[in-house]
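All values below come from the heavy atoms of this structure, side chains included, with hydrogens, waters and symmetry mates left out.
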Amino acid sequence: MNILGINDGHNSSIALIKNGKTIAILEEERFSRVKADSGFPKQSLDYSKKRYPKFMKSIDYVGIASKKIDFYSMATKRYPKFKIKDFLIEDKVFWEPFLSHNKKIDPVKAMKNYINFKLSHYPLKRLKDKNNYFEINKMRLKFTAEYLQINPSKIEFVDHHTCHAHHGFYSCKNKKNALIFTIDGYGDDTNAAVFIEKDNRLNCLYRTNLFNIGRIYSLITLYLGMKPAEHEYKVMGLAPYAREHDIKPILKIFKETYYISGLKIKIKKKIKNHYKYFKNKFEESGFRFDAIAGALQLYTEELLIEWIKNWTKFKRKTKVILSGGVALNIKACKRISELKNIKQLEVPMGSGDESLSHGAAQFVHMKKNPKIKLKEISSPYIGAGYNRKDVLDFKKNKHIIRNFKITEGVNVKKIAKLLSKGNIIANLRGNSEFGPRALGNRSLLADPRDTKVVKILNDSIKHRDFWMPFTPSILFEERKKYFNNKKELNASYMTLAFDSTNLGKKDISAAIHERDLSLRPQLVKKELNPFYHSLIKEFKFITGVAALLNTSLNFHGKPIVLKPQDLLKEVILNKAVEINCVLVEDTLFQRK
């Protein structure tokens, strides 16, 4: 049975499941080159028609994630397209009058300069009632059926948080007797839910639209001058720099809004406009930016810890699966994993909306054929790839020939030696990783001992904020040397954080957080990535360190590269970037 999953919201994607096995999860941003791209994932589907023709010609059922996607988001591509100033304009002309002054105002009219029907593959102009979800879904259904050339009866819409729950539960190995928590900014009138598995089905025990921590985190991200729904990780990275006495008065402001009562989230103070409320509170006292980040992070952690602790005690569960956008907050996940009554915490790769297509496909599979068990994701390298012609075109490019020495058939010894001498290497090979973390196939690699490399990566290549840490890829068999993981949690996909050991602080100092000395590791197993495993092993032979510094291969604000051509256009030809070593499969390109 072939099941196709589609997410046409932000971070749009598709998922292919054949007889219970996930063949691929493809993110539209990798093809369109627009980070967190939204809308009908046409390029992902077109790629699949060429790469997986038999599957695409014999689709049995389709699951489309989210029952409610509004016209305004579709016609503006709000999250991928809006810049910080656009979100601030939106707040001024729409949210402020709508929320604070109860004015009936149409966002389409208020933000008419941002409406562009050409942004969407859907025939948005034909909609008679732009606020009618039934009519919008009718359009989504008809367009999808025609594009795939299948009967509309084979397609169904799947609730947003149900998708998050299915991806979280069925993608993980250690799922038996687990409680599944989904929490995000918002989706289908819900921002948090609790699920449990019974008789091979996921049942929802609780859902709410009051758990606004994801939305608050995004609004504070905007207040701090960063992009909401994208730069929350920067706020999280900034938080450890805050001082405790600066945090206290701000934490008090957060605690006056929402609190946990038993199994539920409750409102302490009703707020109409969260952005304006917190902005006014912060500016009345002139709080420091890092203190705001620190207080927000601590408030997030305390809310989640109390909520999850209460539910696990109530249901007598010791295993937790966390899915949805808030699950990307690894600092909060770290504290949850340290709870005494939690023996196992699983956070799936790609826990944000990029995985909604996968959850939709999993739900439809379980509904249509529950006898065939869904298999967990066995490898992260289930994204799109490139072909031999892409590599040849890269090699023959005039700029490459003119500026780089080309060596074919290089082995791991040469690469490891270059890394040990302080070189930063852009590594591109095979299928891309699914999700926001580079796990060796689309990575910038460096010596984790050399803290000077952090500044070079931030200033000359990545153009990231100075306080943001990088991460280590560590040989699985050497894992106990560098971080504390007494519960043996799954640390294969950079979804969890841990405290570093004394040896870790010494040997991989460039790949841990400078302030709190935590790390977000990728444990590298030979069976998952033989090349990457052998490279780190060779680096250990030379240096004694069984790890490499790893960060995603992309320029700041762009998606992780997919093809050699993306690497050329967005990184190598970028005048703001200085990169000297590139490895594409077994061919090394060294700047002359």
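For Asn441 and Asn431, the side-chain atoms include no donor-acceptor pair closer than 3.5 Å. Asp465 and His556 share no side-chain donor-acceptor pair at under 3.5 Å. At a cut-off of 3.5 Å, with distance as the only test, no side-chain donor of Glu376 or Ser171 sits close to an acceptor on the other residue. Judged by distance alone, the side chains of Lys331 and Ser518 do bring a donor and an acceptor atom under 3.5 Å apart. Between the side chains of Thr22 and His358, a donor-acceptor pair is found at a separation under 3.5 Å.
A salt bridge links Lys481 with Glu478: at least one charged nitrogen is closer than 4.0 Å to a carboxylate oxygen. Salt-bridge check for Lys175 with Glu197: failed, with every basic side-chain N at 4.0 Å or more from each acidic carboxylate O. Under a 4.0 Å N-O distance rule, the pair Arg30/Asp37 does not qualify as a salt bridge. Here Asp447 does not pair with Lys421 in a salt bridge; the nearest charged N to carboxylate O distance is not below 4.0 Å. Ion pair Asp246/Arg243 flagged as a salt bridge, since at least one NZ, NE, NH1 or NH2 atom sits closer than 4.0 Å to an Asp/Glu carboxylate oxygen. Salt-bridge annotation for Lys417 and Glu538: absent, with no side-chain N of the basic residue lying under 4.0 Å from a carboxylate O of the acidic one. Ion pairing between Arg591 and Glu578 fails under the 4.0 Å rule for side-chain N and carboxylate O. Using a 4.0 Å cut-off between charged side-chain N and carboxylate O, Glu488 and Arg479 make a salt bridge. Ion pair Lys35/Glu29 not flagged as a salt bridge, since none of the NZ, NE, NH1 or NH2 atoms sits closer than 4.0 Å to an Asp/Glu carboxylate oxygen.
The shortest non-hydrogen separation linking Ser337 to Leu489 is CB-CD1, 3.5 Å. Of all heavy-atom pairs spanning Ser443 and Leu445, the tightest one is CB-CD2, 3.7 Å. Scanning both residues, Ala426 and Leu553, for their nearest heavy atoms gives CB-CD1, 3.7 Å. Across all non-hydrogen atoms, the minimal contact from Ala327 to Val347 is O-CG1, 3.8 Å. The shortest non-hydrogen separation linking Ile406 to Lys395 is CD1-O, 3.9 Å. Contact record, Ala438 with Gln522: O-OE1, 4.5 Å, taken as the closest heavy-atom pair.
By the neighbour-count criterion of 12 heavy atoms within 6.0 Å, atom NZ of Lys537 is sparsely surrounded, having that number or fewer from other residues, nucleotides or ligands. The number of heavy atoms from other shown groups lying within 6.0 Å of NZ (Lys526) does not exceed 12. Within 6.0 Å of NZ on Lys592 lie more than 12 heavy atoms contributed by other residues, nucleotides or ligands. Heavy-atom contacts from other residues, nucleotides or ligands closer than 6.0 Å to NZ of Lys309 number 12 or fewer. Within 6.0 Å of CD in Glu527 there are more than 12 heavy atoms belonging to other residues, nucleotides or ligands. Sparse packing is recorded around NZ of Lys569, with 12 or fewer heavy atoms of other residues, nucleotides or ligands lying under 6.0 Å away. Lys505 NZ: more than 12 foreign heavy atoms inside a 6.0 Å radius. Sparse packing is recorded around NZ of Lys343, with 12 or fewer heavy atoms of other residues, nucleotides or ligands lying under 6.0 Å away.
For the side chain to side chain contact (heavy atoms under 4.5 Å, CB included) test with Glu354, the passing option among Asn11, Asn7, Ile25 is Asn11; the others fail. Here the rule is ring-ring contact (aromatic ring centres under 6.0 Å, His included) with Trp307, and of Tyr259, Tyr258, Phe314, Phe211 only Phe211 fits it. Applying the side-chain hydrogen bond (donor to acceptor under 3.5 Å, both in side chains) test between Asn554 and each of Glu570, Arg33, Arg442, Lys462 identifies Lys462 as the sole match. The side chain to side chain contact (heavy atoms under 4.5 Å, CB included) test with Ile308 singles out one residue from Asn341, Leu322, Ile183, Leu303, and that residue is Leu322. Here the options are Phe483, Tyr241, Phe498, the test is ring-ring contact (aromatic ring centres under 6.0 Å, His included), and the partner is His513; only Tyr241 passes.
Using a 4.5 Å heavy-atom threshold, the side chains of Glu230 and Tyr79 count as separate. For the pair Phe169/His164, no side-chain contact is recorded, criterion being any heavy-atom separation below 4.5 Å from C-beta on. A 4.5 Å side-chain heavy-atom check between Leu222 and Ile84 finds at least one atom pair inside the cut-off. Counting heavy atoms from C-beta outward, Met236 and Glu232 have side chains that stay 4.5 Å or more apart. Contact check for Pro348 versus Cys172: side-chain heavy atoms found under the 4.5 Å cut-off. At a threshold of 4.5 Å between non-hydrogen side-chain atoms, the residues Val453 and Ile424 count as touching. Annotation: side chain of Lys317 is not in contact with side chain of Ile342 (no heavy-atom distance under 4.5 Å). Contact of the Leu475 side chain with the His533 side chain is registered, since non-hydrogen atoms from C-beta on lie closer than 4.5 Å.
For the ring-ring contact (aromatic ring centres under 6.0 Å, His included) condition, the pairs that include at least one residue of residues 457-482, sequence neighbours left out, are His463-Phe555.
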*Take Lys334 and Leu496 through the test side chain to side chain contact (heavy atoms under 4.5 Å, CB included) and record every step on the way to the result.*
CA-CA 6 Å; Lys334 178 178 181 292; Leu496 294 174; over 6 Å; no

Exercise. For side chain to side chain contact (heavy atoms under 4.5 Å, CB included), just list the numbers for Leu202 and Ile180, CA-CA rounded to whole Å, side-chain angles, deciding distance to a tenth of an Å, and then say yes or no.
Key: CA-CA 9 Å; Leu202 295 191; Ile180 308 105; 4.0 Å; yes

**Request:** Quick one: do Asn484 and Thr501 satisfy side chain to side chain contact (heavy atoms under 4.5 Å, CB included)? Show the steps, please.
**Result:** CA-CA 6 Å; Asn484 298 312; Thr501 61; 3.5 Å; yes

For this session: Carefully, step by step, assess Leu304 and Ile336 under the rule side chain to side chain contact (heavy atoms under 4.5 Å, CB included).
Result: CA-CA 8 Å; Leu304 291 173; Ile336 293 166; 4.2 Å; yes

**Asked** Glu302 and Arg335: salt bridge (Lys or Arg N to Asp or Glu O under 4.0 Å), yes or no, with the steps?
**Response** CA-CA 9 Å; Glu302 290 183 356; Arg335 289 196 61 191; 5.1 Å; no

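For an aromatic pair to be called close, the ring centres must be under 6.0 Å apart, and Tyr381 with Phe434 fails this.
Classified by interplanar angle (parallel below 30°, tilted 30° to 60°, perpendicular above 60°), the ring pair Tyr223/Phe282 is tilted.
Judged by a 6.0 Å distance limit and a 45° cone about the ring axis, Arg437 is not positioned over the six-membered ring of Tyr493.
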